[in-house]
Amino acid sequence: LTLLQQSKSELDQTKLFSTNIIENSPVGVAVYDASTGECALVNDPMVKIFGASKDQVMAQNFRQIVSWRESGLLDVAKLAIASRTTRHFTVTGTSSFGSDFVIDTLVSVFSGDKDYLLVLATDISEHRAMEANLKQTEENYRNLFELAPVGIGVSRRGTILSANQRLFDMFKVPEEEQLGRINIGHFFKDPTKRAEILSKLAESGHVLDEVLDLRRMDGSELIVEAHIKEISYKGKKSILFSLEDVTEKTLVTRALKESEERFRALFESSKDMIFLMDKDLRYVEVNPVMTRIFDRPESDFIGRTSQEL
């Protein structure tokens, strides 16, 4: 009798120990009678997942839970009982109490005084939401990357590792010669300019609003406004750069400047009297010949009409 009492005491202690482990586990745990489906034990993390009280969950029969049937968890539970194997299953659904959940579950059977269904569940809703947000962020970045009106690229030791199509179009790079085969240094007319850029990067980590004279693959002129920054790409030190094609604007500006310089030289050196007037017929500019003929300084003319003079 003493031995029997001792065995019963040890069994009770073992049960208490197991219950304490389950109750204090950070993982959701629920135990059901494998035959009847009635809930025998549930801990607080599992209750939280279901969005219910412990009494509400304890009152449920897993074979009659609609969310188990709709999510496929009931079929997994039946298969685990029939095959006496552990089943891993990711469940997405809404509990009987209106709580949305995404859980990673392990379902297995163990024997005590009878067969029990053990369900271990980890709430991965937040993890899934983070994955979805990350995926959306990456998609937004890729769209921005591809649709940007400027060429964007990432290079390491000059080799282009990532770039949008705009960059390759800008340099007229054939598709078969794109990523991993092109070195940005090949496009510099003057190699010393690239060395200068790398020196500035080493000093400050970035170079902004730098106008560079480059050349395309076909040898034609390309003038860009560059923004360059050191970054970590796939765990290694790399260079992020964006290039805006300002070739046409720069060439037009240069041509206009040259035209203005030629006009100024003609205006100043002409042997004839030349002057410019605005729409109100006020003098805007007069050349040296005119000031000499009238023997008056230029300041007497500017802003006045002939009648006022």
Side-chain angles (χ1 to χ4, degrees), residues 137-270 274 276 278 284-285 287:
T137 299
E138 289 175 344
E139 185 177 339
N140 291 342
Y141 166 76
R142 175 54 57 183
N143 289 335
L144 177 63
F145 191 69
E146 291 298 338
L147 297 175
V150 297
I152 303 175
V154 176
S155 67
R156 186 180 304 131
R157 292 188 292 275
T159 300
I160 298 176
L161 305 177
S162 178
N164 62 356
Q165 192 57 45
R166 173 63 178 158
L167 184 74
F168 291 124
D169 292 343
M170 188 183 297
F171 284 105
K172 298 185 177 179
V173 179
E175 185 175 351
E176 65 274 10
E177 297 184 36
Q178 293 182 357
L179 290 181
R181 299 185 180 184
I182 297 297
N183 192 298
I184 194 69
H186 296 162
F187 301 112
F188 280 80
K189 287 183 178 180
D190 182 2
T192 61
K193 184 63 178 179
R194 180 167 183 259
E196 179 187 325
I197 294 295
L198 292 176
S199 177
K200 288 181 179 179
L201 273 176
E203 290 177 5
S204 64
H206 65 269
V207 176
L208 304 177
D209 303 318
E210 188 80 20
V211 176
L212 303 174
D213 283 316
L214 307 176
R215 61 187 170 203
R216 296 183 172 92
M217 286 283 284
D218 62 3
S220 59
E221 185 173 21
L222 174 64
I223 304 170
V224 300
E225 185 174 290
H227 299 264
I228 309 167
K229 182 177 177 62
E230 287 186 341
I231 63 167
S232 176
Y233 179 73
K234 294 185 177 179
K236 295 183 179 180
K237 186 177 179 180
S238 305
I239 294 175
L240 171 68
F241 59 91
S242 68
L243 307 178
E244 180 184 358
D245 187 348
V246 294
T247 306
E248 185 176 349
K249 180 173 68 175
T250 303
L251 293 179
V252 169
T253 301
R254 288 177 183 176
L256 180 60
K257 183 178 179 182
E258 291 172 0
S259 177
E260 288 175 344
E261 289 174 351
R262 288 195 298 269
F263 168 78
R264 179 57 55 190
L266 175 63
F267 188 81
E268 296 292 340
S269 63
S270 175
I274 303 175
L276 293 177
D278 63 18
V284 176
E285 287 190 69
N287 72 343

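Side chains are part of it too, since the values below use all heavy atoms of this structure and drop only hydrogens, waters and symmetry mates. Note that the coordinates shown come from a computational prediction; the quantities given were computed from them, not determined experimentally.
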Heavy-atom pair of closest approach, residues [X] and [Y]:
| X | Y | result |
| --- | --- | --- |
| S238 | V154 | CB-CG1, 3.9 Å |
| F267 | N287 | O-CB, 3.2 Å |
| A226 | L243 | CB-CD2, 3.5 Å |
| V150 | S242 | CG2-CB, 4.2 Å |

Using a cut-off of 6.0 Å, state whether more than 12 heavy atoms not belonging to [X] lie near its atom [atom1].
| X | atom1 | value |
| --- | --- | --- |
| E248 | CD | no |
| R157 | CZ | no |
| K193 | NZ | yes |

So [Y] and [X], do their side chains get closer than 4.5 Å, heavy atoms only?
| X | Y | value |
| --- | --- | --- |
| I152 | L240 | yes |
| L222 | F187 | no |
| D213 | E221 | yes |
| R166 | D245 | yes |
| I239 | L198 | yes |
| L214 | K189 | no |
| I197 | L212 | yes |

Rounded to the nearest 0.5 Å, how far apart are [atom1] of [X] and [atom2] of [Y]?
| X | Y | atom1 | atom2 | result |
| --- | --- | --- | --- | --- |
| R156 | K234 | CZ | NZ | 8.5 Å |
| F171 | H186 | CZ | NE2 | 12.0 Å |
| S155 | I182 | OG | CD1 | 12.5 Å |
| E244 | M170 | CD | CE | 8.0 Å |
| E146 | Q165 | CD | CD | 7.0 Å |
| L201 | H206 | CG | NE2 | 9.0 Å |

Steps toward salt bridge (charged side-chain N to carboxylate O under 4.0 Å, His left out) verdict (E196, K200): CA-CA 6 Å; E196 179 187 325; K200 288 181 179 179; 3.5 Å; yes
Criterion side chain to side chain contact (heavy atoms under 4.5 Å, CB included) on I184 and R194, from CA distance to verdict: CA-CA 9 Å; I184 194 69; R194 180 167 183 259; 4.1 Å; yes
Residues D209, H227; criterion side chain to side chain contact (heavy atoms under 4.5 Å, CB included); working and verdict: CA-CA 6 Å; D209 303 318; H227 299 264; 2.8 Å; yes
Side chain [X], main chain [Y], donor-acceptor under 3.5 Å:
| X | Y | value |
| --- | --- | --- |
| S220 | R216 | no |
| S259 | A255 | no |
| T247 | I223 | yes |

